[in-house]
Engineer: 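Okay, here's the structure, questions in a sec.
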Amino acid sequence: MQNFTYYTPTKVVFGRGTEAQTGALVREQGGKKVLLHYGGGSASRSGLLDRVRQSLREQEISWVELGGVVPNPRLSLVYRGIELVKQEQVDFILAVGGGSVIDSAKAIGYGAAGEGDVWDYYAGKRKPQASLPVGVVLTIAASGSEMSNSTVITNEEGWIKKGCRNDLCRPRFAVMNPELTMTLPPYQTACGCVDILMHTMERYFTSAQTMELTDGIAEALMRTVISKAEILMEEPDNYEARAEIMWAGSLSHNDLTGFGGDGGDFACHGLEHELGGLYDVAHGAGLAAVWGSWARYVYRSCPARFLRFALRVMGVVDGSGWEEIIEKGIEAVEAFFRSLGMPTSLRELGLAPTEEELALMARKCAASAGGHKGSARVLYEKDMLAIYEMAR
Ligand code: NZQ
Ligand code: ZN
């Protein structure tokens, strides 16, 4: 067991109708002038934005709006948000949407509270020293950004997708009504479920010593996500399944499923961020497309974890030896991804990258991570390239 700090300052307000409390939550945090930040239209079409506006009005909180956040949120909109916040003397940022809107809100919060170019924080040149407070009304269970210390932004100049991790950006509150996720297209529901599963898998596949309690929580979470995701493919309006998935999304990325460990592997996330940056693919689908290849490339470096996973999470019951059981576990994950309509290769993701493009992604991935990434097995540029090749 490693030393750890567990810090989850986000107040969670969970359940039906909770978006009506948004204005009161902003007021509780001392917000007087809000930037209402949202995506491309779903929150407007569902009537959610109007309900949120009403709750602000009821608390006599004024606001300005900036919509138009796209998946793999762009730096150019972040710059516009920072300008608007400064111009309008906004003191609270309210994200209504998913990971992309939340991450964009966090970036605006950093940019408005600090000096200089906000991209410096993502490029690793400087560390944020302050942030405006951010609150969230969550509309898709996926990224865990509603409780995480992370924000991921895509810089259109060079199509570079990079993350910045710092506790300053953890949202002050997260309103989570599972009913809001019932309007999601099945593809987005599936992408979200993969991402949630992966946030715990990234922490679970590690060569460091772990804690029995953490492993138990992680395994329960992974089994729950798999079983509820399967229900949602048949019954998208199943409230209980939506609720379990939504809460799993937050717990999977607020560090609960990794405490006492070494911070996790996160190589698949690194590999996916290059795909998202270059080809603008949905994050969850990109993860599904590379995971199987990553697993087959690394499992011999930490077989005990893969064996335990196959037996306790994927329910593999027989095999003629440890290696066969592990392979069956990997196959079971891929079968699960396919059952959600998710890809298990780059081709199934709709990509046919050239050798040069694969090499470029491997180079950027390694550089982004400072030369190497991973815990189950430490990966260097040549390993990353080999995994991209396998994933073709
Ligand atoms: O823009 P709208 O119209 O709202 O459409 C969105 C978007 O097209 C739609 N959507 C969201 N809620 C909906 C809905 N459609 C109908 N009904 C609803 N209730 O779904 C699409 C995807 O939204 P997005 O916010 O992009 O999804 P997600 O939450 O998966 O976020 C993905 C982003 O988060 C980053 C990813 O890299 C990616 O950029 N991540 C952020 C993390 C973090 N900050 O901790 C960790 C993750 O590992 C991840 O990297
Ligand atoms: Zn993710």
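Counting convention: from 1, in listed order, for ligands and their atoms alike.
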Engineer: Enumerate the residue pairs fulfilling salt bridge (Lys or Arg N to Asp or Glu O under 4.0 Å) with a member in residues 226-249, sequence neighbours excluded, ordered by first and then second residue.
Structural biologist: none
Engineer: Does some non-hydrogen atom of Met198 fall short of 4.0 Å from ligand 1?
Structural biologist: no
Engineer: Contact between ligand 1 and Met182 is defined here as a heavy atom of the residue under 4.0 Å from a ligand atom; is it met?
Structural biologist: no
Engineer: Numbering the atoms of ligand 1 from 1, which are under 4.0 Å from a heavy atom of Gly39?
Structural biologist: 1 (O)
Engineer: Can you list the ligand 1 atoms lying under 4.0 Å from a non-hydrogen atom of Lys161?
Structural biologist: 36 (C), 37 (O), 38 (C), 39 (O)
Engineer: Just to be sure I read this right, does ligand 1 sit under 4.0 Å from the backbone of Asn72, its side chain, both, or neither, counting only heavy atoms?
Structural biologist: both
Engineer: Under 3.5 Å, N or O to N or O, is Ile140 touching ligand 1 that way?
Structural biologist: no
Engineer: Test your reading of the structure: does Gly144 have an N or O sitting under 3.5 Å from an N or O of ligand 1?
Structural biologist: no
Engineer: For the Zn ion (ligand 2), which N, O or S atom of Asp195 is at the shortest distance?
Structural biologist: OD1
Engineer: For the pair Arg305 and Asp215, find out whether any cationic side-chain nitrogen is under 4.0 Å from an anionic carboxylate oxygen.
Structural biologist: yes
Engineer: Taking the N/O/S atoms of His269 one by one, which is nearest to the Zn ion (ligand 2)?
Structural biologist: NE2
Engineer: Ligand 1 versus Val70, non-hydrogen atoms closer than 4.0 Å: side chain, backbone, both, neither?
Structural biologist: neither
Engineer: Do Pro185 and ligand 1 have an N or O pair less than 3.5 Å apart?
Structural biologist: no
Engineer: Do any nitrogen or oxygen atoms of Ser150 lie less than 3.5 angstrom from nitrogen or oxygen atoms of ligand 1?
Structural biologist: yes
Engineer: Any idea which atoms of ligand 1 are less than 4.0 Å away from a heavy-atom of His199?
Structural biologist: 46 (C), 47 (C), 48 (O)
Engineer: After noting the C-alpha distance and the side-chain angles of Lys106 and Ser131, does the key distance pass the side chain to side chain donor-acceptor pair (under 3.5 Å) rule?
Structural biologist: CA-CA 8 Å; Lys106 288 173 172 178; Ser131 170; over 6 Å; no
Engineer: Within a distance under 4.0 Å of any heavy atom of Val152, pick out the atoms of ligand 1 and give their elements.
Structural biologist: 41 (C), 50 (O)
Engineer: Please report whether atom 6 (C) of ligand 1 has a protein non-hydrogen atom at a separation of less than 4.0 Å.
Structural biologist: no
Engineer: Can Glu272 be said to touch ligand 1, with heavy atoms closer than 4.0 Å?
Structural biologist: no
Engineer: Looking at ligand 1, would Pro73 count as a contact under a 4.0 Å heavy-atom criterion?
Structural biologist: yes
Engineer: Going by an N to O cut-off under 4.0 Å, is there a salt bridge joining Arg170 and Asp255?
Structural biologist: yes
Engineer: Could you establish whether Gly97 and ligand 1 come within less than 4.0 Å of each other, counting only heavy atoms on the residue side?
Structural biologist: no
Engineer: Looking at Asp318 and Lys328, is there a salt bridge between them, counting it only when a charged N and a carboxylate O are closer than 4.0 Å?
Structural biologist: yes
Engineer: Show the atoms of ligand 1 that are less than 4.0 angstrom away from any heavy atom in His269.
Structural biologist: 48 (O)
Engineer: Please determine whether His283 has a backbone or side-chain N, O or S atom lying under 2.8 Å from the Zn ion (ligand 2).
Structural biologist: yes
Engineer: One thing to verify: whether Glu389 and Arg392 come together as a salt bridge, which I'm taking to mean a side-chain N less than 4.0 angstrom from a carboxylate O.
Structural biologist: yes
Engineer: Under 4.0 Å, heavy-atom basis, I'd like to know which part of Ala142 is in contact with ligand 1: side chain, backbone, both or neither.
Structural biologist: side chain
Engineer: Tell me whether Arg126 is salt-bridged to Asp120, with the criterion being a basic N under 4.0 Å from an acidic carboxylate O.
Structural biologist: yes
Engineer: Would you call Glu219 and Arg308 a salt bridge, taking side-chain N to carboxylate O under 4.0 Å as the test?
Structural biologist: yes
Engineer: Within ligand 1, which atoms have a heavy atom of Ser148 less than 4.0 Å away?
Structural biologist: 43 (C), 44 (N), 45 (O)
Engineer: What are the two closest non-hydrogen atoms of Leu168 and Tyr110, and how far apart are they?
Structural biologist: CB-CE2, 4.0 Å
Engineer: Looking at Arg363 and Glu381, does any basic side-chain N land under 4.0 Å from a carboxylate oxygen?
Structural biologist: no
Engineer: Salt bridge check: are Asp265 and Arg377 linked by an N-O gap of less than 4.0 Å?
Structural biologist: no
Engineer: Spell out, yes or no, whether Val194 and Val281 are grouped together once hydrophobic residues are joined by side-chain heavy atoms under 4.5 Å, including indirect joins.
Structural biologist: yes
Engineer: Which residue pairs satisfy the salt bridge (Lys or Arg N to Asp or Glu O under 4.0 Å) criterion with at least one member in residues 74-87, sequence neighbours excluded?
Structural biologist: Arg74-Asp280
Engineer: Ala366 and Met384: which non-hydrogen atoms are nearest, and at how many Å?
Structural biologist: N-SD, 3.5 Å
Engineer: Show the atoms of ligand 1 that are less than 4.0 angstrom away from any heavy atom in Pro71.
Structural biologist: 7 (C), 8 (O), 26 (O)
Engineer: Starting from atom 33 (C) of ligand 1, what is the nearest protein heavy atom, named by residue and atom, and what distance separates them?
Structural biologist: Ser100 OG, 3.5 Å
Engineer: What atoms of ligand 1 come closer than 4.0 angstrom to any heavy atom of Thr183?
Structural biologist: 16 (C), 17 (N), 18 (C), 19 (N)
Engineer: Honestly curious: do Leu287 and Leu232 fall in one hydrophobic cluster under the side-chain, below-4.5 Å linking rule?
Structural biologist: yes
